[in-house]
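Because the structure is predicted, anything quoted here is derived from the model rather than measured.
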Amino acid sequence: MPNAIRVRFAPAPTGYMHIGNAHTALFNWLFARSQGGSMVLRVEDTDELRSTDEALGVIYEGLRWLGVDWDEGPDIGGPYGPYVQSERLDIYQAYVQRLIDARQAYECFCTPEELEEQRELMRARGIPPKYDGRCRDLSQEDKQRLRAEGREPCIRLRVKETGKTIINDIIQGQVVYDNALIGDPVIVKTSGYPTYHLAVVVDDHLMQITHVIRAVEHLPNTQIHLQLQEALDIKPPQYAHLPLILGEDRTKLSKRHGAVAVTDYAEQGFLPEAMFNFLALLGWSPGSEEEILSRQEILDRFSLEACSSSPSVFDVEKATWMNGEYITNADAQHVADLVLPLLQEEGLIEQDLTPQRRQWLVKVVDLMKSRVKLLSTFSSWARYFFTDDFEYENRARRQWLNDSQTPAKLETLADRLEALSEWSADTIETTVRGLAEQMDIKAAEVIHPCRAAVTGTTIGPSLFHLMELLEQSDVVARLRRAAQLSAAGELAPTDQEDTPSGPAT
RNA sequence: GCCCCCAUCGUCUAGUGGACCAGGACACCGGAUUCUCAGUCCGGCAGCCGGGGUUCGAAUCCCCGUGGGGGUACCA
């Protein structure tokens, strides 16, 4: 049974959902779920020019992928709807009227150009630029005249000119702002749309939000929100401002840092569990030395008080490592499900799998998953399981395939393997080692060229187990093909660089 | 410019006046594993931004500096 704790994730649907948004959503969710509270999803589309339905879709998609769910929202409704701000215009209107009636808000007829001029002037005079309040006390005649000029007003909140505004933030501690430093903020645009400040304060109040957990870039706005609440006689919620997530250059993570959208990471083959775990550890620590933590373990230990107030850099390298840990420890069946569509997309496996074929795929995955860090690399690293059409890597050519001894070894091995009546890792191993012994060379001298011939690469899982999963006839054919190409001198190293498909950058 | 915030290895972090010549993880480097490594195991490198206080004692508290970040919109 949910208690009175209510939090909200309130994205603006103006672009993609980036890591920072996901982080904020996640921390709201962690707080709500760990406290037995409710999570509200509210769409802040008051930027009527940039908001799109498409962006909203991406937000839903990102949240669902991460496993962050909500109890009330535009898609499922709830007792405090509507949950989309553009559908709440009349609600804001009522509050604005109250403010105007109480002379706490007023019409401002200044044009953007005039405002810019004001700011320039103040900057030039070395004083902090802010709205100078020139429309604060316009008479009815003034307003009529300005309207007659064709001007449409916006509405500003009359803020205090003296004193301090004190914010007691759960994460940031006490922060004090000087009231004299801010000008009267716009609360309703000329278009009639509310600005963020008005909408957020009204909605958090009406939706009975108890804890506002948002990024620290909103901390300076909080002084406006506190003043708005006072003017409206609204009890403020508790605030918790989360530190920012930075790019490698230590500036706020943004598009120019490369992959920053949650969907980018999903596409690269991040497991949602891994991203969830990694994001939870950005700005919060369980206080123990374990880092791989399940959802439940994180939930059990989470608290807002334990959140750090200093920003953190999003380290893709470490996130990738963590993802590898999750893939390694995941059930092979599960990983097979995730990897299957990628293989199908590449045309490496059929669209409809027989149960036997699926079982085979699970075995391949089981063999490979401990060395894969991103799902997206699976299809290239495991390519040779699915097709004969693979490249011989340069390292394989240089070290083994270009050797004059190799064709004979491969031919002999092919003959012997072809003769095997039972095809298993054991029988293959016995054959390979037997050949080495007979030739009086180390087993490695057979194993390596064999791997190169069968997989085109010098690295991979246990050769015998890998071969077991291939068709016997196929292996024999690959050995003979490589032997012939090698003998013909066609497997000399090329001047092309090997391009190991490491973590995508 | 002004306001606010932040400051422990390159990165994520533990640390809340004595248990810290600072612990873990990623990355990096080295060794092992002789069936390879991009896997695994073992080991190593590397940090309290600087300066002043307070205190018997400071990574921890205070001040100043420096550095970084955020804000300063009819964006959110």
**Prompt:** Just checking A:Gly283: base, sugar-phosphate only, or nothing, at a heavy-atom cut-off of under 4.0 Å?
**Reply:** sugar-phosphate

**Request:** With heavy atoms under 4.0 Å as the rule, sort A:His241 into base, sugar-phosphate or nothing.
**Result:** nothing

**Request:** For A:Ile327 and B:U40, give me the distance from atom CD1 to atom P, rounded to whole Å.
**Result:** 13 Å

**Asked** Using atom P of each nucleotide, how far apart are B:A58 and B:A46 to the nearest Å?
**Response** 24 Å

**Asked** Of all the choices, B:A25, B:A38, B:C75, which nucleotide is nearest to the side chain of A:Trp381 once you look at every atom?
**Response** B:A38

**Request:** Specify the closest pair of heavy atoms between A:Val454 and A:Arg478, including all atoms of both residues, with the distance to one decimal.
**Result:** O-NH1, 2.7 Å

**Message:** Nearest to the A:Ser370 side chain among B:A76, B:U40, B:G39, which nucleotide is it?
**Reply:** B:G39

**Message:** Quick check on RNA chain B: between A:Tyr177 and A:Gly460, whose nearest nucleotide comes earlier from the 5' end?
**Reply:** A:Tyr177

**Asked** B:G71 C1' sits how many Å from A:Tyr131 OH, rounded?
**Response** 21 Å

**Item:** Spacing between A:Ile292 atom CD1 and B:C12 atom P, to the nearest angstrom
**Value:** 18 Å

**Request:** Answer with base, sugar-phosphate or nothing: what part of the nucleic acid does A:Thr457 contact at a heavy-atom distance below 4.0 Å?
**Result:** nothing

**Closest listed nucleotide, where the reference is the side chain of A:Trp321 and the choices are B:C26, B:G70, B:C3** = B:C26

**Nearest-Å distance for atom pair CD/C1', residues A:Gln172 and B:C5** = 6 Å

**Prompt:** Can you tell me the Watson-Crick or wobble partner of B:C2, both distances under 3.5 angstrom?
**Reply:** B:G71

**Message:** If you compare all heavy atoms of A:Leu293 against all heavy atoms of A:Asn277, which two are closest, and at what distance to 0.1 Å?
**Reply:** N-OD1, 2.8 Å

**Request:** Please work out if A:Arg250 contacts a base, only the sugar-phosphate, or nothing of the nucleic acid, heavy-atom cut-off 4.0 Å.
**Result:** sugar-phosphate

**Prompt:** So what does A:Leu282 touch, heavy atoms closer than 4.0 Å: a base, only the sugar-phosphate, or nothing?
**Reply:** sugar-phosphate

**Item:** Check: A:Thr190 side chain, B:C74 base, donor-acceptor under 3.5 Å
**Value:** yes

**Asked** Does the pair A:Lys442/A:Glu445 count as a salt bridge with the N-to-O cut at 4.0 Å?
**Response** no

**Asked** Taking for each residue the nucleotide of RNA chain B with the nearest heavy atom, is it A:Leu281 or A:Glu429 whose nucleotide lies nearer the 5' end?
**Response** A:Leu281

**Request:** Report yes if at least one side-chain N or O of A:Lys442 is closer than 4.0 Å to OP1 or OP2 of B:U36; otherwise report no.
**Result:** no

**Item:** Atom of A:Pro243, atom of A:Ser310 and distance for their closest heavy-atom approach
**Value:** CB-O, 3.4 Å

**Prompt:** Which of the following nucleotides, B:C12, B:A38, B:A7, is nearest to the side chain of A:Ser310?
**Reply:** B:A7

**Item:** Atom-to-atom span, CG of A:Asp315 to C1' of B:U13 - whole angstrom
**Value:** 12 Å

**Request:** Provide, to the nearest angstrom, the distance between the OH atom belonging to A:Tyr239 and the P atom belonging to B:C5.
**Result:** 18 Å

**Message:** Using a heavy-atom cut-off of 4.0 Å across all strands, would you classify A:Pro461 as base, sugar-phosphate, or nothing?
**Reply:** base

**Asked** For A:Leu463, which contact category applies under a 4.0 Å heavy-atom criterion: base, sugar-phosphate, or nothing?
**Response** base

**Message:** Looking only at the side chain of A:Tyr196 (C-beta and beyond, no hydrogens), which of the listed nucleotides B:G71, B:A76, B:C6 gets closest?
**Reply:** B:A76

**Request:** Mind checking A:Glu291 for me? I need base, sugar-phosphate or nothing, with any heavy atom below 4.0 Å counting as a touch.
**Result:** base

**Candidate nucleotides B:U36, B:A76, B:U11, ranked by approach to the side chain of A:Arg451 - the nearest** = B:U36

**Donor/acceptor link under 3.5 angstrom from A:Lys318 side chain onto base of B:A25** = yes

**Request:** Would you mind telling me which of B:G1, B:A14, B:C26 lies closest to the side-chain atoms of A:Pro129?
**Result:** B:G1

**Prompt:** In whole angstroms, how far is the C1' atom of B:U36 from the CG atom of A:Leu466?
**Reply:** 11 Å

**Message:** Does A:Asp178 reach a base, just sugar-phosphate, or nothing at all? Heavy atoms under 4.0 Å.
**Reply:** nothing

**salt bridge (Lys or Arg N to Asp or Glu O under 4.0 Å) partner of A:Glu107, the single match among A:Arg156, A:Arg147, A:Arg151, A:Arg158** = A:Arg147

**Prompt:** Salt-bridged, A:Glu48 to A:Lys189, with N to O below 4.0 Å?
**Reply:** yes

**Request:** Tell me the partner of B:U66, counting only Watson-Crick (N1-N3 plus N6-O4 or O6-N4) or G-U wobble (N1-O2 and O6-N3) with both under 3.5 Å; none if nothing fits.
**Result:** B:A7

**Request:** Determine which nucleotide pairs with B:U55, using a 3.5 Å limit on both distances of a Watson-Crick or G-U wobble pair.
**Result:** none

**Prompt:** Do you know which of A:Leu41, A:Leu63, A:Leu30 makes side-chain contact (heavy atoms from CB on, under 4.5 Å) with A:Val68?
**Reply:** A:Leu63

**Asked** Using purine N1 to pyrimidine N3 plus N6-O4 or O6-N4 for Watson-Crick, or N1-O2 and O6-N3 for G-U wobble, each under 3.5 Å, what pairs with B:U36?
**Response** none

**Message:** Mind checking if A:Ser462 touches a base, just sugar-phosphate, or nothing, with heavy atoms under 4.0 Å?
**Reply:** base

**Message:** Base, sugar-phosphate or nothing for A:Thr46? Non-hydrogen atoms, less than 4.0 Å.
**Reply:** sugar-phosphate

**Prompt:** Are OP1 or OP2 of B:G39 and a side-chain N or O of A:Lys373 less than 4.0 angstrom apart?
**Reply:** yes

**Message:** Whether A:Lys189 contacts B:A73 is assessed here as follows: a side-chain N or O lying under 4.0 Å from the phosphate OP1 or OP2. Is that the case?
**Reply:** no

**Prompt:** Which is true for A:Tyr193 with a 4.0 Å heavy-atom rule: it touches a base, it touches only sugar-phosphate, or it touches nothing?
**Reply:** nothing

**Message:** Using Watson-Crick or G-U wobble geometry with both distances under 3.5 Å, which nucleotide pairs with B:G43?
**Reply:** B:C29

**Message:** Considering every strand and a 4.0 Å limit on heavy-atom distances, what is the contact class for A:Val176: base, sugar-phosphate, or nothing?
**Reply:** sugar-phosphate

**Request:** Could you tell me how the ring of A:Tyr60 sits relative to the ring of A:Trp70: parallel (under 30°), tilted (30 to 60°) or perpendicular (over 60°)?
**Result:** parallel

**Message:** Please tell me if A:Arg119 has a side-chain N or O lying less than 4.0 Å from either OP1 or OP2 of B:U72.
**Reply:** no

**Asked** With a non-hydrogen cut-off below 4.0 angstrom, is A:Cys110 in contact with a base, only sugar-phosphate, or nothing?
**Response** base

**Message:** Counting only side-chain nitrogens and oxygens, does A:Ser308 get under 4.0 Å of the OP1 or OP2 atom of B:U13?
**Reply:** no

**Request:** Among B:A76, B:G39, B:C3, find the nucleotide with the atom closest to the side chain of A:Ala12.
**Result:** B:A76

**Fill in**
As its Watson-Crick or G-U partner within any shown strand, both distances under 3.5 Å, B:C21 has none

**Nearest atoms (heavy-atom pairs only) where A:Thr46 meets A:Tyr196** = OG1-N, 4.1 Å

**Fill in**
In whole angstroms, the gap separating C1' of B:C4 from CD1 of A:Ile224 amounts to 13 Å

**Complete:** Regarding the side chain of A:Leu181, the nearest nucleotide among B:G71, B:C6, B:C3 is B:C3

**Request:** Check every atom of B:C4, B:G70, B:C75 against the side chain of A:Lys252 and return the nucleotide holding the closest atom.
**Result:** B:G70

**Prompt:** Is it true that A:Lys252 and A:Glu217 have a side-chain N and a carboxylate O under 4.0 angstrom from each other?
**Reply:** yes

